[in-house]
2 protein chains.
Amino acid sequence: MKRKVTLKQIAKELDVSISTVSKSLKNSLEISEDTRQKIQAFAKLYNYKPNNIALSLKNRKTKTICIIIPEIIHHFFATVISGVEQVANENGYNVLVCLSDESFDKEVINMEMLANGSIDGFIMSLSKETQQKKDFHHIVEVINQGMPVVMFDRVTNDILCDKVIIDDNLAAFNATQFLIDKGFKKIALITTVDYVSVGKLRTQGYIKALKNNDINVDESLILKIEDTENFESLIENLLTNNDLDAVFAVNEIFAVTAIKLARKLNIKVPEELSIIGFTDGIISKYSTPSISTVSQNGIKMGGKAAKMLIERLESEEEEDEQYSTEVIETELVERESTI
Amino acid sequence: MKRKVTLKQIAKELDVSISTVSKSLKNSLEISEDTRQKIQAFAKLYNYKPNNIALSLKNRKTKTICIIIPEIIHHFFATVISGVEQVANENGYNVLVCLSDESFDKEVINMEMLANGSIDGFIMSLSKETQQKKDFHHIVEVINQGMPVVMFDRVTNDILCDKVIIDDNLAAFNATQFLIDKGFKKIALITTVDYVSVGKLRTQGYIKALKNNDINVDESLILKIEDTENFESLIENLLTNNDLDAVFAVNEIFAVTAIKLARKLNIKVPEELSIIGFTDGIISKYSTPSISTVSQNGIKMGGKAAKMLIERLESEEEEDEQYSTEVIETELVERESTI
């Protein structure tokens, strides 16, 4: 059986990273000449076919777009998919969904698999690992070959393309200010590690609100969670060791976990502890008490991203290098978890 | 720009259904000769290219599989996707996800789009509308052309292929028997309309358990929900108008909604009302009280489906018509919503 050799197979065979293979095949000077030659020879031998997007794009449209999301556990990404589907279908486009599973390699492989003319363009939110590595060559390549990319939520300034974001800094500032206005001073933050762009911005907004109100920033009240496996005990420690007034959590799983643990520790929510989450998903709605939250409006975000991508795909001008960044409005939804 | 005309465009242009176009192009005798000729002429004029799977399949493998799910709101399908991803990635396969949005047309379009050699095989759960129409020609075609399909959860006996299911009837029987063993007699069922295969089987299991225990089946305690929009008031009526001992709900959104409404009506869960759900998703885990539930094991189901598909793709035998149906074990997870 004659199989097309993939980037992944070359990487495995030569024991190098997928990124190294990809860069070597583009003759990038970042890779040593020796390695480049070895990889290029191997690719030639096994008949590796690079993508010829530039060739194919002029002549055909697939009327299909792909959305790449980092994971599917958080309801937020499911709502973005719904928003993309809605606008895409209205405009006669099909949608494919790919998961990067927070992995750089899977992001590269998914883009390679589809950027060969199977689809017309990408909507994507960066994987954690890609944000940590700051290696965006696979996205740059796709854009340079003429295939439009719209980034949403987890974006980077290192890539010039259309983007849809919320003002994470401002939304976190407003949520924290809301808690300060209730008279709270000991406000903890449960956030992600800093290399996740949105986590960092939300942390900045929280700190800014405290400083604006002359409240001391106590680093021991800022919990930065890296691993999604063992965060329960970290949150339990935070609640046990501090006599908190309130908690601001940057996603709804952190928020609902704080509520469950407060209950276990006999801390009454909201009477003794107010909790605000982020992302207005099914958990926030169905939790008891239901969770006050920053509504991130994933449906609107997905719809806007699809609209921007389709407009670019259907625009008559060949080289429209004016990229824009759309900021979706957020709002604070008050429910039962805050007094 | 030269665009490939799609089934959907032909259907719209000639004001017929996608199914009619698809069948006409296969010269199906179900469609009148006049309509067939008109559609075939139009397709020829606009250069419609049917899929030539049989041609392409012999010579190449894409190492990509597609999973088609009906919707993404219920966490169950997200867990199945995770299971598929895991096993597929271990075996060097990429995964694409498509949503049918419970629509027959979208299911047909997605299969048409990908069955042209972009992928090696499908894993799918039927849309509500497909189950209602009982029109499976698009799946039969794909299978006849040599592309393997594995169905999971919402399957049909009308299609011969590999399947992964749970024993919905038995799982519902066991959940109901569990409630009867607590001494409960007035047990309500919140289920879906009968054309959704799993809803029907779960309803049968519930009725069987009641009959086995000589409990009268009271039709007014069986709530069959069609529309996902307005089910809250239906559940509220059910709880208000009956002095229930327990509720068995066939998914976790129905279960958590019953809990929320019981709380609103000052009915204490579990002291005055026990509630069991189906699908052990994030809502069941994070709800207060947490929800006792039939664990459907989506990760295992997805993993098994991927394994069956990949084994078929990599088997040496050309025509292995021995299909099998794997039954995944379920278990009852006891939490706080039952006494």
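Quick note: numbers below take in every heavy atom, side chains included, and nothing from hydrogens, waters or symmetry partners. Quick note on labels: first sequence line is chain A, next is B, and so on, each numbered from 1. Here the structure is a predicted model, which means the values were calculated and not measured.
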I'd like to check [X] versus [Y] (side-chain heavy atoms, cut-off strictly below 4.5 Å). Are they in contact?
X	Y	result
A/Val95	B/Leu99	no
B/Glu71	A/Ser82	no
A/Ile259	B/Tyr286	no

Region of [X] in contact with chain B, defined by heavy-atom distances below 4.5 Å:
X	value
A/Lys12	neither
A/Leu96	both
A/Ile67	neither
A/Thr79	neither

(Q) Please check if the number of heavy atoms outside B/Glu90 that lie under 6.0 Å from its CD is greater than 12. (A)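 It does: B/Glu90 CD has more than 12 such atoms within range.
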**Q.** Neighbour count above 12 (heavy atom, 6.0 Å) for A/Glu272 CD
**A.**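 Counting neighbours around CD of A/Glu272, more than 12 heavy atoms of other residues, nucleotides or ligands fall under 6.0 Å, so yes.
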Q.
Give me the atom names and distance for the closest heavy-atom approach of B/Lys260 to A/Ser287.
A.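 Smallest interatomic distance, heavy atoms only, reads NZ-O, 2.8 Å.
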(Q) Does A/Glu336 form a salt bridge (Lys or Arg N to Asp or Glu O under 4.0 Å) with B/Arg263? I'd like the steps, not just the answer. (A) CA-CA 14 Å; A/Glu336 300 162 351; B/Arg263 188 157 169 263; 3.8 Å; yes
**Q.** Option that, when pairs with chain A are counted at under 4.5 Å, heavy atom only, ranks first among B/Lys8, B/His75, B/Glu85
**A.**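 Between B/Lys8, B/His75, B/Glu85, the count favours B/Glu85.
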(Q) Let's test your reading of the structure: which of B/Ile72, B/Ile282, B/Asp101 forms the most heavy-atom pairs below 4.5 Å with chain A? (A)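 Winner by heavy-atom pair count: B/Ile72.
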Q) Of all of A/Ile283, A/Asn110, A/Val97, which one pairs up most often with chain B through heavy atoms under 4.5 Å apart? A)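 The residue among A/Ile283, A/Asn110, A/Val97 with the greatest pair count is A/Val97.
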**Q.** Spacing of OG1 belonging to B/Thr257 relative to NZ belonging to A/Lys285, to within rounding of 0.5 Å
**A.**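 B/Thr257 OG1 to A/Lys285 NZ: 7.5 Å, rounded to 0.5 Å.
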Q.
Between A/Lys106 and B/Asn89, do the side chains contain a donor N or O and an acceptor N or O under 3.5 Å apart?
A.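 A/Lys106 and B/Asn89 do have a side-chain donor-acceptor pair below 3.5 Å.
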**Q.** Proximity breakdown for B/Ile81 and chain A, heavy-atom pairs closer than 4.5 Å
**A.**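 The answer is the side chain of B/Ile81.
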